[in-house]
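This report refers to the structure that appears directly beneath it.
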Amino acid sequence: MKFKLVPLAAGLVLSAGVAHAATLDDVKARGSLNCGSSVSLAGFGQPDDKGVWKGLDVDFCRAMAAAIFGDANKVKFVPLSAKDRFTALQSREVDVLARNTTWTMSRDTSLGLQFGPVNYYDGQGFIVRKKLNLAKAEELAGATVCVQTGTTTELNLADFFRSNNLKYEPVVFADADATVKAYDSGRCDAFTTDASGLYSERLKLTNPADHVVLPTIISKEPLGPAWRQGDNPWGNIVKWTHYAMLTAEELGVTQANVDEMAKSSANPDVKRLLGTEGKFGEGLGLPNDWALKIIKAVGNYGEAFERNVGEKTPLGIKRGLNALWTKGGLQYAPPIR
Amino acid sequence: MSMSSDMNTMGIGFVRTEQAPTLSPPASTVGIIGWARANLFSGPVNTLLTLVGILIIYIIVPPVWNFFIANAITVGKDRTECLVEIPGACYPYLVARFQQFIYGFYPEAERWRVNLTALLCFGSVAWLLIPATPRKSWMAAFFFVAFPVLAYILLSGAFGLPKVATSLWGGMLVTFVISIVGIVVSLPLGILLALGRRSKLPLVKLFSVIFIEFWRGVPLITVLFMAKTMLPLFVPEHLAPDQLLRALIGVALFSAAYMAEVVRGGLQAMPKGQYEGADALGLSYPQKLIFIILPQALQIVIPGIVNTFIGLFKDTSLVTIVGIFDFLASIQSSLTDPVWATPWTAFTGYGFAALFYFVFCFGMSRYSKFMEERLARSHKR
């Protein structure tokens, strides 16, 4: 007990008058970024066979570390459960939360947090057997649908069928695994959860190729990083890390050609992005080549997407809403100027 | 006897001079049949229970055998080999992930340090536990004094060994670190608390009672959660103890409170005469405890102590919720890995976890039984 009380008492005395320093200063002083990540979400945050963290959210944190330190490895991943993720951020256990967290109004307004740009537009979808030959969810009239109980998923499902005036029969289960098993064993015609989850659950089916994810999305699940309210300079770094990756994709700057682009590109947009023109890094409190370091470390947004969740991975997720705005998606970055 | 002597005095009858040949017992009471009749079918209730038992075995064993042995997939590079119609354990997944189940994120180049620590630890524990080995006191001194320092230096790095942050520790390494530290700290601390609670000094007694009741009154999850998320709110970042250390302290103090009550049970079971006898011999308080009371009291509560150890060993899996990658967490986190996710991956992973926990818990319980029997020379309880 003594052991614990001494630092505790000292801490109380020290922190009584002193406000916390800005997150960026803390991070720089510590020499590494503490990133709250998910424990095991395929494609978003998960250690691989070698114990290396892999995923879209994980790469986002690497990108931030690259922007701040010029070294994508100066990041410590703190695996967080859905329950303790916000507490961990509020208590400064982590500097940024990149753990596919849905941005909702109540979270935005009541938790003392700010949500960053949406780095993955998710939404609730359906998976069905290919042989049913369905093109969209509206054709599911009269279907039995496997769903996990006590989730917003269940409520969205009810809303969707009611608003379309369709009949359906929900079959509810307490946990995700049981729901998938029931669908796999033919208990239901369809299974519903967030689309990104559908792709990873599909891998657990006996014959993944026999099943197809319908294109219909019935809810909005914007997933993105979160940071502590009131530290806007830090928030700017979170935001612009994502925007830099988007801008790079838009301009065709990739991990492979970034050095060459920095040297030879005449495009003023590229020059501003890569820091050869203007002093845009200064506004963030970072070196001018911040974006160059990001692209070198993790590539542009499209590259990160394809590497972690894209069609060539076992997950095989299409860009869909996450395509650039120029290609019919929602990913749109403000200009760097 | 009395019958034959009566007959002799009467002078009639037949006295047998040699022993009658021993008949072999009836066939229905020996061998397998006899054993089965005596133990399995000795009455209608027993017969019914036996049949139900056989039915349960028939229902459970063949599918388990088929899944883990007969239909198991033993070679493969990724999930494609394990995607089979007939349920079968996916062993290539275990093989690919095995290193991570043992070491977590511990850097590959430094893993020899974990191996060496494990060797020292298990070696000295075995030395201490096997009755035939000599020089136990030397070994105990090594294990309880030198080994913790050595293990700390080896695992976290000092004197030229590169530092390995505890956030990189994981798998069995973390499970064993937490349970061994918990066990080693909680027993002596528990004994002290139990003695404190029975002490006549009001302050000592009050402190012990409050400590024990406080830690028994809160769930372990709450303790871990507080240690993880609340502590940083009160303490500046650089003063807050390490994440794993916080969990270690929480687990150790928590199990010490339980241990204290177990030991107190033993102290109370001692007849008053033992205390009085020790006093009558003129022994001081420490002498009385060390030579008379504790050896007997602890022997009585061996089952309770081991029970607490086993509970502690399994409770270590709770640290998952505070983001520490113990053995179970490292398995869980790998189940959804797109490279290995199949319908059978989860069963394989959890089956392995069950085997691991069972081997160690069963081992502890068997050893405690052995120890009880060895010590119960004077009287069986």
Side-chain angles (χ1 to χ4, degrees), chain A residues 1 3-4 6-12 14-15 18 20 26 29-30 32 34 36-43 46-54 76-81 83-84 87-88 90-93 177 180-181 184 199-208 308-309 313-316, chain B residues 78-80 83-85 87 93 96-100 103-108 165 167-168 170-171 207 211 225 227-241 243 246 249-250 253 320-325 329-330 332-346:
Chain A
M1 272 313 271
F3 194 78
K4 258 177 131 177
V6 172
L8 195 79
L12 285 178
L14 282 176
S15 61
V18 189
H20 277 293
D26 280 354
R30 196 190 309 128
S32 76
N34 287 342
S37 70
S38 56
V39 183
S40 58
L41 188 68
Q46 186 174 45
D48 71 357
D49 287 357
K50 296 267 168 291
V52 181
W53 285 90
K54 290 273 169 70
K76 193 181 120 190
F77 293 103
V78 182
L80 297 172
S81 70
K83 290 181 199 78
D84 65 355
T87 329
Q90 286 155 345
S91 68
R92 310 181 76 86
E93 183 79 33
D177 272 339
V180 181
K181 279 273 166 309
D184 198 18
Y199 287 99
S200 66
E201 298 294 356
R202 184 169 67 167
L203 297 174
K204 293 187 193 159
L205 299 175
T206 321
N207 287 309
N308 292 306
V309 298
T313 66
L315 289 176
Chain B
D78 56 18
R79 61 190 292 275
T80 46
L83 267 181
V84 284
E85 294 275 344
Y93 148 76
R97 285 277 175 167
F98 203 68
Q99 297 279 320
Q100 218 185 321
Y103 305 102
F105 305 117
Y106 212 89
E108 243 173 303
S167 57
L168 298 176
F207 172 79
F211 184 94
F225 206 74
K228 162 152 177 148
T229 53
M230 299 302 282
L231 206 60
L233 281 180
F234 310 137
V235 183
E237 204 175 355
H238 57 280
L239 280 181
Q243 196 62 250
R246 286 185 230 167
I249 295 172
L253 295 185
T320 312
I321 59 143
V322 293
I324 296 173
F325 261 70
S330 64
Q332 274 172 333
S333 78
S334 68
L335 295 180
T336 52
D337 181 354
V339 181
W340 288 110
T342 69
W344 324 121
T345 309

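Just so it is clear: chains get the letters A, B, ... in the order the sequence lines come, proteins before strands, and each one is counted from 1.
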Side chain to side chain contact (heavy atoms under 4.5 Å, CB included) filter on Pro79(A), not counting sequence neighbours, yields Val39(A), Trp53(A), Phe325(B)
**Those residues that, when tested against Pro208(A), pass side chain to side chain contact (heavy atoms under 4.5 Å, CB included) (two or more places apart)** =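 Residues passing side chain to side chain contact (heavy atoms under 4.5 Å, CB included) with Pro208(A): Arg202(A), Arg79(B), Leu83(B).
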If you compare all heavy atoms of [X] against all heavy atoms of [Y], which two are closest, and at what distance to 0.1 Å?
X	Y	answer
Gly51(A)	Phe105(B)	O-CD2, 2.9 Å
Lys181(A)	Pro343(B)	NZ-O, 3.6 Å
Gln46(A)	Thr336(B)	NE2-OG1, 2.7 Å
Pro338(B)	Gly43(A)	CG-N, 4.5 Å

Pick one of side chain, backbone, both or neither for Glu201(A), based on which atoms fall under 4.5 Å of a heavy atom in chain B.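 Neither part; nothing is under 4.5 Å.
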So which part of Leu205(A) gets closer than 4.5 Å to some heavy atom of chain B, the side chain, the backbone, both or neither?
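For Leu205(A), the contact with chain B is made by the backbone alone.
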With chain B, which of Asn207(A), Asp48(A), Val180(A) has the greatest number of heavy-atom pairs at distances under 4.5 Å?
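If we count pairs closer than 4.5 Å to chain B, Asp48(A) comes out on top.
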Looking only at Val78(A), Thr87(A), Leu41(A), Leu80(A), the option with the highest number of non-hydrogen pairs under 4.5 Å against chain B is Thr87(A)
Margin query: Report which part of Gln332(B) has an atom under 4.5 Å of a heavy atom belonging to chain A: side chain, backbone, both, or neither.
Written below: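 Just the backbone, heavy atoms under 4.5 Å.
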Honestly, the part of Phe225(B) sitting under 4.5 Å from a heavy atom of chain A is side chain
Output for pair (Lys54(A) NZ, Asp337(B) CG), nearest 0.5 Å, gives 9.0 Å
Note to self: Whether the side chain of Arg97(B) engages the backbone of Lys50(A) through a donor-acceptor N/O pair (distance < 3.5 Å, no angle test) should be reported.
What the structure shows: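 Checked: no pair found.
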